[in-house]
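Here's the structure we're looking at; comments come further down.
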Amino acid sequence: MREEFVAAGGVENPVTGVLLNFRAYDTFLEVAVLVLAAMGVQAVWRQDWFAAAPLAPPPLLVALAAAVVPVVVLVAGYLLWIGADRPGGAFQAGAALGGGGVLLLLAGMPVARWFHGLKLHFALILGLATFAIVGVGMIVAGRRFLEYPAGSAKAWILGIEAAAMLSVGAIFVVLLAGVLSGRPGRDRQ
Amino acid sequence: MNTAMIYSLVAVALFGIGLFGALVLAHLVRKVLALNVMGTGVFMLLVAMAHPSRTQSAPEETLPDPVPHALVLTGIVVAVSATALALALICRLHAATGRTTFPEDRGEPSAGEECSRPEPDRERSG
């Protein structure tokens with residue numbers, strides 16, 4: 001029974017198979033909810049990364065960020081790859097990336113200031129757009145929405161998960177640290 | 001009383017604790033935390049539904065049902081994003097009014113009551 005499940009899903013981990021293959025539509029809507037929450041936070045609390053240099057961050061925090069964030073990136077990549085066999089996948093990797101991004105923001109690293117405006121919006125929308133394009137592409141190719149070709153399901157899943165990981169990381173940074181570094185949005189008169 | 005039943009009872013208790021906190025606690029951040037506890041109770045109930053001891057056949061080698069696990073993963077992500085949005089709204093409320101409680105919890109009339117209060121009688125002074 002488990003072998004049929006794995007063969008039909010295309011990945012070893014049955015939960016990943018359910019999330020990204022059998023019920024990929026639910027995961028697609030989940031990414032949409034994440035984007036909606038990020039839009040909500042941005043509407044309520046404007047992010048202006050440049051204006052966010054209030055105090056000098058503690059040197060220990062800067063050193064910690066410099067040491068930990070590359071490891072976080074590695075861990076995120078590992079979580080993404082291992083999601084096919086073990087617990088892991090796009091959202092766990094995206095959460096790790098989000099934590100690393102928040103640490104960068106807290107430490108006042110200049111690279112955090114580079115990530116604003118159009119680049120931020122592109123990162124926020126990348127996962128949802130990839131999901132939608134793949135889904136509609138499957139319809140164009142004659143299948144149903146988000147129905148992967150039987151042999152290459154794992155490749156499609158990994159591609160969507162990679163885009164979703166980047167997107168979820170950016171969304172978590174906006175969700176968690178946006179309030180830290182922004183100022184309240186203007187009230188409408 | 002098998003494992004799944006114990007998990008389910010604990011999950012219902014968590015949900016009850018969270019519901020009590022969400023209704024009774026005044027500070028908005030505590031309300032959000034209580035809602036998170038409610039969500040955790042729901043997730044635990046879902047995982048209990050997936051436990052292999054629910055089916056009586058061959059309990060040792062049966063693996064848990066993956067569909068409720070996937071639902072819980074989705075639910076956790078949605079709960080985190082909703083919590084983040086709620087906290088951002090609380091920060092906005094605090095920046096705008098300086099308060100972190102609802103008017104009802106402070107004993108003042110709520111916004112709805114303010115709007116529906118009848119106009120004071122003006123003809124008497126005119």
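A note on names: the letters A, B, ... follow the listed sequences, proteins ahead of strands, and every chain is numbered from 1. Bear in mind the structure is a predicted one, so any value in this text is a computation, not a measurement.
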Do other residues, nucleotides or ligands put more than 12 heavy atoms under 6.0 Å from the [atom1] atom of [X]?
| X | atom1 | result |
| --- | --- | --- |
| A:Leu118 | CG | no |
| B:Arg106 | CZ | yes |
| B:Phe20 | CZ | no |
| B:Tyr7 | OH | no |

Give, as side chain, backbone, both or neither, the part of A:Phe22 having an atom under 4.5 angstrom from any heavy atom of chain B.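 Nothing of A:Phe22, per the 4.5 Å heavy-atom cut-off to chain B.
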Among A:Leu19, A:Val18, A:Thr27, which residue meets the side chain to side chain contact (heavy atoms under 4.5 Å, CB included) test with B:Leu73?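 When side chain to side chain contact (heavy atoms under 4.5 Å, CB included) is applied between B:Leu73 and each of A:Leu19, A:Val18, A:Thr27, only A:Leu19 qualifies.
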Residue that, paired with B:Val77, satisfies side chain to side chain contact (heavy atoms under 4.5 Å, CB included) out of A:Val33, A:Leu34, A:Val31: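 Result: among A:Val33, A:Leu34, A:Val31, A:Leu34 is the only option passing the side chain to side chain contact (heavy atoms under 4.5 Å, CB included) with B:Val77.
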For chain A, which candidate among B:Gly75, B:Ala82, B:Ala70 shows the most heavy-atom pairs at distances under 4.5 Å?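 The option with the most such pairs is B:Ala70.
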Shortest non-hydrogen contact from B:Leu85 toward A:Ala37: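 Heavy-atom minimum between the residues: CD1-O, 4.0 Å.
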Minimum heavy-atom distance B:Arg92-A:Val44, with the two atoms named: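 Smallest interatomic distance, heavy atoms only, reads CD-O, 3.0 Å.
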Answer yes if A:Ile157 and A:Ile133 sit in the same cluster of Ile, Leu, Val, Met, Phe, Trp and Tyr residues linked by side chain heavy atoms under 4.5 Å apart, and no otherwise.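 Cluster IDs for A:Ile157 and A:Ile133 differ.
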